[in-house]
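Below, chains carry the letters A, B, ... as their sequence lines are ordered, and counting in each starts from 1.
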Amino acid sequence: MEEKRVRTRFAPSPTGYMHIGNLRTALYAYLFAKANDGDFILRIEDTDRTRYVADAVDFIKNTLKAAHIIPDEGPGYGGDYGPYVQSERKDVYLKYANELIEKGYAYRCFCDPKSDETHGKFGGYPGTCRDLPKETIEKNLAEGKPFVIRQKMPKDGSTTFHDMLHGNITIDNDTLEDQVLIKRDGMPTYNFAHVVDDHLMKVTHVIRGAEFITSTPKHVLLYKGFGWETPAFIHLPAVMGKGEDGSVSKLSKRHGATSFNELVEMGYLPEAVTNYVALLGWSPKSNQEIFTMEEMEKSFSLDGLSKSPAIFDYNKLDWMNGEYFKKMDPREFASESRGFAGDLPENIASKWDYLAGVLQSRISRYDEIPDQIHFFMAMPAFDAELYRNKRNKVTPEKSADILPEAIEGLSDIDDWTPDGINAKLAELVEKTGLKKGLLMWPIRIAASGQKVTPGGVTEILYVLGKDESISRLKASLESLRGYLSENN
RNA sequence: GGCGCCAUGGUCAAGUGGUUAAGACACCGCCCUUUCACGGCGGCUUCAUGGGUUCGAAUCCCAUUGGCGUCACCA
């Protein structure tokens with residue numbers, strides 16, 4: 001048998017929302033196609049008119065673009081098998097459904113869903129119209145009675161299909177219901193439309209979520225009914241989330257952000273999200289973890305796929321995003337991060353590029369920025385205990401001794417630049433004979449009012465500016481003295 | 001409930017009958033350090049349980065348990 005060109009597809013319904021699990025499915029389908037020099041198709045499954053969301057197709061395309069998943073074919077991308085939007089292919093499905101009726105693998109059902117008491121209940125459809133006499137059907141048709149087209153499932157036996165990840169899966173036919181193929185409104189159901197489209201679009205590998213495993217036999221029976229070759233199936237395990245109580249379930253709102261876009265809004269880089277998600281369920285041959293899309297396209301292979309569900313770990317995403325920040329061009333980081341900082345006073349805003357440089361290696365998400373820099377705008381409440389640090393042998397008392405000299409020295413600086421400040425600080429170390437850590441600690445605390453700061457003394461003083469720095473140091477010294485006299 | 005899928009540490013995972021059971025995140029400790037971060041070193045913690053098969057099982061089989069999924073005129 002000759003090798004066919006690999007063709008995969010991503011077939012979302014246009015809901016205006018891209019769940020991270022969906023994104024991963026798209027990514028794997030894309031990577032598999034690229035790794036095999038094949039084609040990746042985007043197809044919109046919009047056969048449920050009640051779920052129509054405006055602009056959702058653009059939303060999907062934009063999201064894929066942001067994730068660097070670029071379809072070879074699809075709406076707006078061209079291709080020889082279009083249209084790639086199912087609602088625009090409505091007539092095609094009816095034609096094929098009629099073919100199935102003629103072959104005896106499907107039938108018209110005239111039951112009214114509202115008066116059918118078994119509808120939607122456990123046990124499902126009872127097969128009322130399965131063997132309607134020809135006369136009745138013709139009569140109903142002549143009367144213009146509305147109907148749906150159902151698939152006629154075998155009553156016994158079983159259906160087996162091969163899944164490239166899971167191996168052979170067999171399901172008894174008596175668990176299969178006579179599912180609807182064409183709905184009352186003339187639209188096909190997913191279960192029917194995707195089979196027809198996958199065949200017509202020459203899709204070779206169907207990569208989708210594991211939730212479709214149990215309905216795959218129905219699809220296989222459809223292929224058989226038509227006499228079509230079935231594609232290869234790869235059913236991906238779900239992406240899970242872990243709740244605070246330790247329970248595990250499909251990733252959902254209660255676990256935090258669940259969509260690609262939310263993650264990006266929180267300040268994760270699209271590349272990092274894609275990279276992280278790729279590793280959630282796929283393991284490369286090597287121990288490499290940071291991948292460009294090009295690298296993934298080369299090294300992706302099915303045998304690295306995991307069969308078990310994976311829990312989405314924000315911790316690791318944070319780490320990975322931080323790695324991407326570190327590799328980022330500083331100018332790009334400065335401009336991309338600026339929006340997350342919010343309104344800044346002029347003296348800070350004018351030094352944004354510098355401050356961003358300090359932040360770049362210290363944060364793992366853009367949205368950490370406001371908390372990180374808040375102290376520049378407002379001095380936190382005084383806390384004497386901050387002036388105590390074991391490693392540098394700093395105490396509030398010593399700090400009160402050190403600060404006056406520091407203030408005096410710093411006040412002399414004309415050249416208020418990182419270099420200028422640094423030089424003066426070094427000079428103070430020299431002059432006082434104090435250990436660096438012992439001298440720097442109180443100054444940093446007095447200027448920032450917090451134990452943990454982005455950057456060291458030099459960075460903080462520079463960003464604060466001379467006037468503000470000196471006045472903060474003086475005010476802090478006052479507070480410290482007040483505290484000491486009260487407590488002695 | 002029927003049916004199906006899954007099962008290596010807190011998390012992602014390598015592993016395909018013989019290994020000291022990789023690596024990463026997180027966590028803890030130490031070192032370095034002008035804070036934080038970075039970096040370095042070390043530690044913690046895993047083959048769900050019970051039966052087989054085998055000289056030998058994380059690896060093969062069965063059962064149990066647990067988790068998840070599915071039973072729509074949704075996809």
Side-chain angles (χ1 to χ4, degrees), chain A residues 11-15 45-48 50-51 109 111 113 116 119-125 146-150 163 165-166 169-172 174-177 179-185 187-191 193-194 208-217 235 237-238 240 242 246-250 276 279-289 303-304 306-320 322 326 358-364 372 389 391-392 422 425-426 429 435-441 443-445 448 450-460:
Chain A
S13 53
T15 58
E45 312 226 319
D46 60 346
T47 55
D48 184 358
T50 63
R51 284 218 227 169
C109 170
C111 296
D116 180 359
H119 176 70
K121 288 187 184 166
F122 180 74
Y125 175 72
F147 62 88
V148 299
I149 298 177
R150 287 182 183 274
D163 182 291
L165 227 202
H166 300 282
I169 294 175
T170 300
I171 290 178
D172 288 338
D174 61 15
T175 67
L176 272 25
E177 194 173 319
Q179 65 173 349
V180 170
L181 265 22
I182 300 289
K183 295 182 270 191
R184 190 156 297 239
D185 65 3
M187 277 290 188
T189 57
Y190 160 82
N191 286 306
H194 90 272
R208 81 233 289 197
E211 64 269 27
F212 293 109
I213 288 180
T214 42
S215 55
T216 301
H235 288 99
M240 313 295 281
K242 193 180 219 174
S247 65
V248 172
S249 57
K250 214 166 169 178
Y276 172 68
L279 260 25
L280 247 198
W282 171 66
S283 167
K285 294 272 186 290
S286 70
N287 271 336
Q288 181 178 353
E289 297 209 90
D303 54 20
S306 167
K307 289 197 278 191
S308 48
I311 295 174
F312 192 91
D313 184 7
Y314 293 93
N315 255 329
K316 186 143 190 181
L317 211 212
D318 280 350
W319 166 77
M320 189 169 279
K326 285 172 202 157
V358 175
L359 256 12
Q360 187 166 359
S361 65
R362 285 161 228 266
I363 61 172
S364 50
Q372 285 280 321
N389 176 265
R391 210 185 72 206
N392 292 311
N422 233 344
L425 253 13
V429 168
K435 293 255 302 182
K436 259 189 184 179
L438 179 52
L439 176 74
M440 306 296 184
W441 185 280
I443 303 174
R444 191 177 59 86
I445 298 296
S448 71
Q450 59 187 37
K451 188 176 177 185
V452 175
T453 52
V457 194
T458 309
E459 289 86 344
I460 291 166

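- Across all strands, A:Thr170 comes closer than 4.0 Å only to sugar-phosphate atoms, never to a base (heavy-atom distances).
- Side-chain atoms of A:Lys242 lie closest to B:rU11 of the nucleotides B:rU11, B:rC73, B:rC6.
- Annotation: A:Tyr276 is not in aromatic contact with A:Tyr314 [ring centroid separation under 6.0 Å not met].
- In the set B:rA72, B:rA75, B:rG4, B:rA72 carries the atom at the smallest distance from any side-chain atom of A:Glu177.
- Taking atom P on both nucleotides, B:rU46 is separated from B:rG23 by 16 Å, rounded to a whole Å.
- Taking every side-chain heavy atom of A:Thr189 into account, B:rA75 is the closest of B:rU34, B:rG69, B:rA75.
- The gap from the P atom of B:rC38 to that of B:rU45 amounts to 24 Å, rounded to the nearest Å.
- Side-chain atoms of A:Met240 and A:Phe312, non-hydrogen and from C-beta on, never get closer than 4.5 Å to each other.
- You'll find that the side chain of A:Arg362 is closest to B:rC36, out of B:rC71, B:rG4, B:rC36.
- Residue contacts shown for A:Asn287 include a base, since a base heavy atom lies under 4.0 Å away.
- Rounded to an integer number of Å, the gap from A:Asp303 CG to B:rU16 P is 13 Å.
- Looking only at side-chain heavy atoms (C-beta outward), A:Leu165 and A:Pro237 come within less than 4.5 Å of each other.
- At a threshold of 4.0 angstrom between heavy atoms, the contacts of A:Phe312 with the nucleic acid are absent.
- In this model, the phosphate group of B:rA75 is not approached by any side-chain N or O of A:His194 to a distance below 4.0 Å at OP1 or OP2.
- Residue contacts for A:Gly455: at a heavy-atom cut-off of 4.0 Å it reaches a base atom on one of the strands shown.
- Counting heavy atoms from C-beta on, the side chains of A:Lys326 and A:Gln360 never come closer than 4.5 Å.
- When Watson-Crick and G-U wobble pairs are counted only if both distances are under 3.5 Å, B:rU34 pairs with no nucleotide at all.
- Pairing for B:rA7 goes to B:rU65, judged as Watson-Crick or G-U wobble with the two contacts each under 3.5 Å.
- Put simply, the side chain of A:Lys316 and the base of B:rA24 share a donor and an acceptor less than 3.5 Å apart.
- Across every strand in view, B:rG2 sits in a pair with B:rU70 that passes the Watson-Crick or G-U test at under 3.5 angstrom.
- Nucleic acid contact for A:Lys451: sugar-phosphate only, since backbone atoms but no base atoms lie under 4.0 Å from a heavy atom of the residue.
- Between A:Arg444 and A:Glu459, none of the side-chain N atoms (NZ, or NE/NH1/NH2) sits under 4.0 Å from a carboxylate O, so this pair counts as no salt bridge.
- Both A:Asn315 and A:Asn389 lie close to RNA chain B; mapped to their nearest nucleotides by heavy-atom distance, the more 5′-ward contact belongs to A:Asn315.
- Checking B:rG4, B:rU35, B:rC73 against every side-chain atom of A:Val180, the shortest atom distance belongs to B:rC73.
- The nucleotide B:rC47 finds no pairing partner, because no Watson-Crick or G-U wobble arrangement with both distances shorter than 3.5 Å includes it.
- Distance, A:Glu45 CD to B:rA72 P: 19 Å, rounded to whole Å.
- If you measure from atom CG of A:Leu317 to atom C1' of B:rA26, you get 14 Å, rounded to the nearest angstrom.
- Distance noted for atom C1' between B:rG50 and B:rU65: 10 Å (whole Å).
- Here A:Ser215 lies out of heavy-atom contact (under 4.0 Å) with every strand.
- The CG-P distance, from A:Leu280 to B:rA13, rounds to 6 Å in whole Å.
- Using Watson-Crick or G-U wobble geometry with both donor-acceptor distances under 3.5 Å, B:rA58 finds no partner in any strand shown.
- Each of B:rC3, B:rU35, B:rA75 was ranked by its minimum atom distance to the side chain of A:Thr453; first place goes to B:rU35.
- Across B:rU11 and B:rC27, the matching P atoms stand 15 Å from one another, rounded to whole Å.
- Base engagement by A:Val148 is indicated by at least one non-hydrogen atom pair under 4.0 Å involving a base atom.
- Dashed line: the shortest gap from a side-chain N or O of A:Thr175 to OP1 or OP2 of B:rU70 is not under 4.0 Å.
- Comparing B:rA75, B:rC71, B:rU35 by their nearest atom to the side chain of A:Asn191 picks out B:rA75.
- Across B:rC62 and B:rC6, the matching P atoms stand 12 Å from one another, rounded to whole Å.
- Position along RNA chain B of the nearest nucleotide to A:Trp319 versus A:Ser361 favours A:Trp319 as the more 5'-ward residue.
- In this structure, CG of A:Asp318 is placed 15 Å from C1' of B:rA24, rounded to the nearest angstrom.
- Nucleic acid contact for A:Met187: none, since no nucleic acid atom lies under 4.0 Å from a heavy atom of the residue.
- In this structure, the nucleotide among B:rU11, B:rG69, B:rC73 sitting nearest to the side chain of A:Asp313 is B:rU11.
- Between A:Lys436 and B:rU34 there is a side-chain N or O to OP1 or OP2 distance below 4.0 Å.
- One atom, CE of A:Met240, and another, C1' of B:rC5, lie 12 Å apart when rounded to the nearest Å.
- Remark: B:rU53 base-pairs with no nucleotide in the shown strands. Criterion, Watson-Crick or G-U wobble with two distances under 3.5 Å.
- Side-chain contact between A:Cys109 and A:Tyr125 is present, with at least one heavy-atom pair separated by less than 4.5 Å.
- As a whole-Å value, the separation of A:Ile169 CD1 from B:rU70 P is 15 Å.
- Counting any heavy atom pair closer than 4.0 Å across all strands shown, A:Asn422 reaches a base atom.
- Taking atom CD on A:Gln288 and atom P on B:rG23, their separation rounds to 17 Å, with Å as the unit.
- Rounded to the nearest Å, the gap between the C1' atom of B:rA48 and that of B:rG9 is 13 Å.
- Considering only side-chain N and O atoms, A:Lys183 lies under 4.0 angstrom from the phosphate OP1 or OP2 of B:rA75.
- For the P atoms, the distance from B:rA37 to B:rA13 is 28 Å, rounded to whole Å.
- For the C1' atom pair drawn from B:rC3 and B:rA58, the interatomic distance equals 29 Å after rounding to whole Å.
- A 4.5 Å side-chain heavy-atom check between A:Trp319 and A:Asn315 finds every atom pair outside the cut-off.
- Across all strands shown, A:Ala310 has heavy atoms under 4.0 Å from sugar-phosphate atoms exclusively, and none from any base.
- In this structure, of B:rC36, B:rA75, B:rU11, it is B:rC36 that holds the atom nearest to the side chain of A:Val452.
- Within the 4.5 Å cutoff, the side chain of A:Ser13 has no heavy atoms near those of the A:Asp46 side chain.
- Between A:Asp48 and A:Arg51 a salt bridge is recorded (basic side-chain N to carboxylate O distance below 4.0 Å).
- Distance from the side chain of A:Thr214 is smallest to B:rU70 among B:rU70, B:rC74, B:rU11.
- There is a side-chain donor-acceptor pair under 3.5 Å between A:Asn392 and A:Asn389.
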